[in-house]
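Below is one structure; the comments refer to it alone.
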Amino acid sequence: MQNKSIRFRARSFVAFALVPEAPLEEWLQDLDRWVENSPGFFNGRPVVLDLKALKPEPAEIADLVSQLAERGIRVYALESKDIDALGPELPPLLKGAKETTIEEAPEEQASPVDSEEAKASSTLIVESPIRSGQSILHPHGDVIVLGSASSGSEILAGGSIHVYGTLRGRAFAGAWGDRTARIFCRKNEAELLAVDGWYRTAEDMEPSTRGRPVQAYLDEGVILVAPLK
């Protein structure tokens with residue numbers, strides 16, 4: 001009888017890294033507010049628990065993983081510099097993780113033509129409206145939406161986000177570590193605006209920024225939402 005070979009294929013997935021910080025109770029409260037304003041966001045998403053900042057004991061890790069599971073967040077892997085091994089009841093330790101970074105080439109190495117071509121190739125243009133429940137994921141550049149984004153939709157971009165209609169859903173700019181990214185929209189009815197992991201919900205935005213053209217950007221760890229003149 002001939003043995004059949006086992007077939008393996010490599011797959012690459014985008015995983016969201018949660019970075020708990022002390023005091024943990026306050027961090028969990030902030031997470032609860034996030035989940036309340038973005039229900040279903042973590043459904044089916046690979047989540048890595050980055051423990052490099054918190055540095056908990058193994059027993060505390062098990063409790064934290066359990067508390068996240070109660071919130072509907074399934075931790076697929078753990079990341080830590082100070083832990084060598086954990087029990088089989090916990091997610092595995094992740095080895096060799098690489099963060100997405102955006103590097104700018106020196107000006108003398110790129111001609112104006114090359115720069116324009118690179119910029120165009122890294123921009124995703126969405127010509128149709130984004131429906132409720134639809135996700136647009138573009139890790140390597142800007143996203144331009146020529147129509148509107150419905151409530152319950154989401155846009156995740158490695159760079160900036162431009163919505164030329166009404167933004168009613170959730171927008172995550174600089175989602176892979178670009179602190180200079182911005183969000184622009186012609187009419188702000190957004191449920192949530194985020195840049196590099198920092199966010200503002202509809203309840204946190206000033207009434208003067210609702211229903212108007214705005215831009216959102218990061219300034220010293222604070223998301224500013226300002227009307228466009």
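Quick caveat: nothing in here was measured; it's all calculated off a predicted structure.
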Supply the atom-to-atom distance [X] [atom1] to [Y] [atom2], rounded to the nearest 0.5 angstrom.
{"X": "Asp32", "Y": "Gln67", "atom1": "CG", "atom2": "CD", "result": "9.5 Å"}
{"X": "Leu31", "Y": "Leu18", "atom1": "CG", "atom2": "CG", "result": "6.0 Å"}
{"X": "Glu189", "Y": "Thr166", "atom1": "CD", "atom2": "OG1", "result": "7.0 Å"}
{"X": "Leu68", "Y": "Asp63", "atom1": "CG", "atom2": "CG", "result": "9.5 Å"}
{"X": "Leu192", "Y": "Phe172", "atom1": "CG", "atom2": "CZ", "result": "5.0 Å"}
{"X": "Arg179", "Y": "Leu218", "atom1": "CZ", "atom2": "CG", "result": "4.5 Å"}

[X] to [Y] - nearest heavy-atom pair and separation:
{"X": "Tyr199", "Y": "Asp30", "answer": "OH-O, 3.4 Å"}
{"X": "Val143", "Y": "Ala157", "answer": "CG2-CB, 3.7 Å"}
{"X": "Ile130", "Y": "Ser153", "answer": "CG2-CB, 3.6 Å"}
{"X": "Ala181", "Y": "Gly174", "answer": "CB-N, 3.5 Å"}
{"X": "Ala216", "Y": "Ile223", "answer": "CB-CG2, 4.5 Å"}
{"X": "Ala53", "Y": "Val19", "answer": "CB-CG1, 4.4 Å"}

Using modelled atom types only, decide if a donor and an acceptor are shared between the side chain of [X] and the backbone of [Y] within a distance under 3.5 Å.
{"X": "Ser132", "Y": "Ser151", "answer": "yes"}
{"X": "Asn188", "Y": "Thr209", "answer": "yes"}
{"X": "Glu60", "Y": "Glu57", "answer": "yes"}
{"X": "Trp198", "Y": "Asp219", "answer": "no"}
{"X": "Gln134", "Y": "Arg131", "answer": "yes"}
{"X": "Asp142", "Y": "Ser160", "answer": "yes"}
{"X": "Arg182", "Y": "Ala173", "answer": "no"}

(request) State plainly whether the residues Arg170 and Glu191 are in salt-bridge range, i.e. N to O under 4.0 Å. (result) yes
(request) Let me know which of Leu93, Asp50, Leu51 forms a side-chain contact (heavy atoms from CB on, under 4.5 Å) with Glu79. (result)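 Between Glu79 and the candidates, side-chain contact (heavy atoms from CB on, under 4.5 Å) is satisfied uniquely by Asp50.
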(message) Working note: Leu193 + Leu167, criterion side-chain contact (heavy atoms from CB on, under 4.5 Å); need CA distance, chi angles, decisive distance, verdict.
(response) CA-CA 10 Å; Leu193 301 175; Leu167 173 57; 3.7 Å; yes
Following the transitive rule for hydrophobic clusters with a side-chain heavy-atom cut-off under 4.5 Å over Ile, Leu, Val, Met, Phe, Trp and Tyr, establish whether [X] and [Y] coincide in one cluster.
{"X": "Tyr164", "Y": "Ile161", "answer": "no"}
{"X": "Leu49", "Y": "Tyr76", "answer": "no"}
{"X": "Val126", "Y": "Ile183", "answer": "yes"}
{"X": "Val47", "Y": "Leu78", "answer": "yes"}

(request) Specify whether His140 and His138 have parallel, tilted or perpendicular ring planes, treating 30° as the upper limit for parallel and 60° as the lower limit for perpendicular. (result)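 His140 vs His138 ring planes: perpendicular.
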(message) Just to verify, what does Arg200 make a salt bridge (charged side-chain N to carboxylate O under 4.0 Å, His left out) with, not counting sequence neighbours?
(response) Glu206
(request) Please determine, by modelled atom types, if Asp204 and Thr201 share a side-chain donor-acceptor pair under 3.5 angstrom. (result) yes
(request) With side-chain contact (heavy atoms from CB on, under 4.5 Å) as the test, would you mind laying out the steps for Phe184 and Leu228 before giving the verdict? (result) CA-CA 9 Å; Phe184 304 89; Leu228 283 173; 4.2 Å; yes
(request) For Ile155 and Val163, run side-chain contact (heavy atoms from CB on, under 4.5 Å): C-alpha distance rounded to whole Å, both residues' side-chain angles, the deciding distance at 0.1 Å, then the answer. (result) CA-CA 10 Å; Ile155 307 167; Val163 179; 4.1 Å; yes
(message) Checking Ile61 against Leu90 for the side-chain contact (heavy atoms from CB on, under 4.5 Å) test, could you report, in this order, the C-alpha distance in whole Å, the side-chain angles of both residues, the deciding distance, and whether it holds?
(response) CA-CA 8 Å; Ile61 297 174; Leu90 289 174; 4.1 Å; yes
